[in-house]
Amino acid sequence: MPRSFTYSAITLRIRQSGQSNREAWFLTAEEGVVQATLFGGPKSRLRAQVSPFHEGTLWIYHDTVRDSRKVTDFDVHSYRPGIRELYERAMTADAAAQTILSSHGGGGSWPVAAKLAASVLDCLDWADAALCSRLGVYFLWRWAGVLGLKPEISSCSSCFCQMKRDEPLWYCAVDGALLCGPCAQRETRLPAHSPSLLRLGGGARLWLDSIESLPPAALARITLDGPSLEQARALSKAVLAGALGKRLPTWEEI
């Protein structure tokens, strides 16, 4: 039985373990989230290589007797030093990492999850503050798609009527669905302006639909008004919060 494994990996989190060791969590295209111990003090070469948001080829040794894993090598090909140079970049990257860990690496869609995470982190390496804000929403919405959680945004989930481009929908967290105005009032017994419902206007709907086929770097060329961005952000967080059973503190920074 093999004990050494090779992964295409992105470092998500590092935590101190004892005086000189660290615990590391990686997103891999082969097994999703993998945790392993990083041995060595401050002068260890591996300690510098295994840092948050570094991406490369990871080697791990699995001790089957103790059921423990340790990092034996990490060949980094993407360091992404720019992420830590701007507060908004770092906060958005941390939010993405926490979302990945809280949802177990995207279920079984590991190659898709790893590709999405890598593309967003690459863009965050040079993004300005305004783009970071859009990238955070982009990641949350696309991650909801990786998990198979995205609601239909072109029609009502109750009566199935097709919505015009400028018509709003209302998200009901209880049902996890977007509803037209009449269905929202009828099924929730609440007026459409109730704070228990999230409004998604035409601008937000169009933007969320457009980013389905766009790489994150393309967001630099797409403008979006403030209210529509806030609606898209609120919906993305609500959808993921319903699946995770909680709202992550790091989401408050994006």
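Remember, predicted model here, so these are calculated numbers, not experimental data.
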Short side-chain to backbone donor-acceptor contact, Arg89 and Gly82, under 3.5 Å: yes
For residues Leu101 and Leu140: do they belong to one hydrophobic cluster (side chain heavy atoms under 4.5 Å, members Ile, Leu, Val, Met, Phe, Trp, Tyr)? yes
Return the CG to CH2 distance between Leu200 and Trp170, rounded to the nearest 0.5 Å. 10.0 Å
Worked check of side-chain contact (heavy atoms from CB on, under 4.5 Å) between Phe139 and Thr92: CA-CA 9 Å; Phe139 174 80; Thr92 304; over 6 Å; no
Heavy atoms, side chains only, cut-off 4.5 Å: are Arg205 and Arg165 in contact? no
Does the side chain of Asp175 reach to within under 4.5 Å of the side chain of Ser157, using non-hydrogen atoms? no
When rounded to the nearest 0.5 angstrom, what distance separates CZ in Arg13 from CD in Gln98? 5.0 Å
Nearest heavy atoms of Leu86 and Ala127, plus distance in Å: CD2-O, 3.7 Å
Are Val146 and Leu149 connected, step by step, through hydrophobic side chains (Ile, Leu, Val, Met, Phe, Trp, Tyr) whose heavy atoms are closer than 4.5 Å? yes
Just how far is it from atom CG of Leu244 to atom NZ of Lys237, taken to the nearest 0.5 Å? 13.5 Å
What are the two closest non-hydrogen atoms of Tyr61 and Ser4, and how far apart are they? CD1-OG, 3.8 Å
Quiz question: by atom type and distance under 3.5 Å, do the side chains of Ser228 and Trp207 form a donor-acceptor pair? no
Quick one: do Glu253 and Asp94 satisfy side-chain contact (heavy atoms from CB on, under 4.5 Å)? Show the steps, please. CA-CA 9 Å; Glu253 300 295 333; Asp94 286 340; over 6 Å; no
Taking all heavy atoms of Leu198 and all of Ala234, pick out the closest pair and write down the distance. CD1-O, 3.7 Å
In terms of ring plane angle, is the pair His54 and Tyr79 parallel, tilted or perpendicular, where the classes change at 30° and 60°? perpendicular
With side-chain contact (heavy atoms from CB on, under 4.5 Å) as the criterion, how do Met163 and Cys161 come out once you've worked through the C-alpha distance, each side chain's angles and the decisive distance to 0.1 Å? CA-CA 6 Å; Met163 308 300 293; Cys161 65; 3.8 Å; yes
Correct closest heavy-atom pair for Leu179 and Cys172 would be CD1-CB, 4.2 Å
First locate atom CG of Leu178, then atom OG of Ser154, and finally report the distance between them rounded to the nearest 0.5 Å. 10.0 Å
Minimal non-hydrogen separation, His77 against Gly56, with atom names: CD2-CA, 3.4 Å
Report yes or no: does Ser51 contribute a side-chain atom to a donor-acceptor pair with the main-chain N or O of Ala48 at less than 3.5 Å? yes
Is there a donor-acceptor contact under 3.5 Å from the side chain of Glu55 to the main chain of Thr11? no
With side-chain contact (heavy atoms from CB on, under 4.5 Å) as the criterion, how do Arg142 and Glu212 come out once you've worked through the C-alpha distance, each side chain's angles and the decisive distance to 0.1 Å? CA-CA 7 Å; Arg142 292 290 300 272; Glu212 295 289 348; 4.3 Å; yes
In terms of hydrophobic clustering (I, L, V, M, F, W, Y; side-chain heavy atoms under 4.5 Å; direct or indirect links), are Leu121 and Tyr87 co-clustered? no
Below 4.5 Å, heavy atoms only, C-beta onward: do Leu46 and Phe39 meet side chain to side chain? no
Heavy-atom check, side chain of Phe53 versus side chain of Leu124, under 4.5 Å: no
Exam field: side chain Arg233 to backbone Ile254, donor-acceptor pair closer than 3.5 Å: yes
Are side-chain heavy atoms of Arg45 and Phe74 found at a separation under 4.5 Å? no
So, do Trp143 and Ile100 sit near enough that their side-chain heavy atoms are less than 4.5 Å apart? yes
Tell me, yes or no, whether the heavy-atom count around Lys150 atom NZ, taken from other residues, nucleotides or ligands under 6.0 Å, exceeds 12. yes
Indicate whether the side chain of Tyr138 and that of Arg134 have a donor and an acceptor atom separated by less than 3.5 Å. no
Euclidean distance, Leu131 CG relative to Ile222 CD1, rounded to 0.5 Å: 10.5 Å
Compare every heavy atom of Trp110 with every heavy atom of His104, then report the nearest pair and how far apart it is. O-NE1, 4.3 Å
Apply side-chain hydrogen bond (donor to acceptor under 3.5 Å, both in side chains) to the pair Ser236 and Trp251, showing each step before the final yes or no. CA-CA 10 Å; Ser236 301; Trp251 290 351; over 6 Å; no
Carefully, step by step, assess Arg80 and Asp122 under the rule salt bridge (Lys or Arg N to Asp or Glu O under 4.0 Å). CA-CA 7 Å; Arg80 304 186 177 103; Asp122 283 342; 2.9 Å; yes
Would you kindly confirm whether Val50 and Trp59 end up in one hydrophobic cluster when ILVMFWY residues are joined by side chain heavy atoms under 4.5 Å apart? no
Is there a donor-acceptor pair closer than 3.5 Å between any side-chain N or O of Ser119 and the backbone N or O of Leu116? yes
What distance separates Asp75 CG from Leu58 CG, expressed to the nearest 0.5 Å? 10.5 Å
Considering only heavy atoms from C-beta outward, does the side chain of Ile211 approach that of Pro216 to under 4.5 Å? no
Can you check whether Gln231 reaches Arg199 side chain to side chain, under 4.5 Å on heavy atoms? yes
Connected via hydrophobic side-chain network under 4.5 Å: Leu147 and Val239: yes
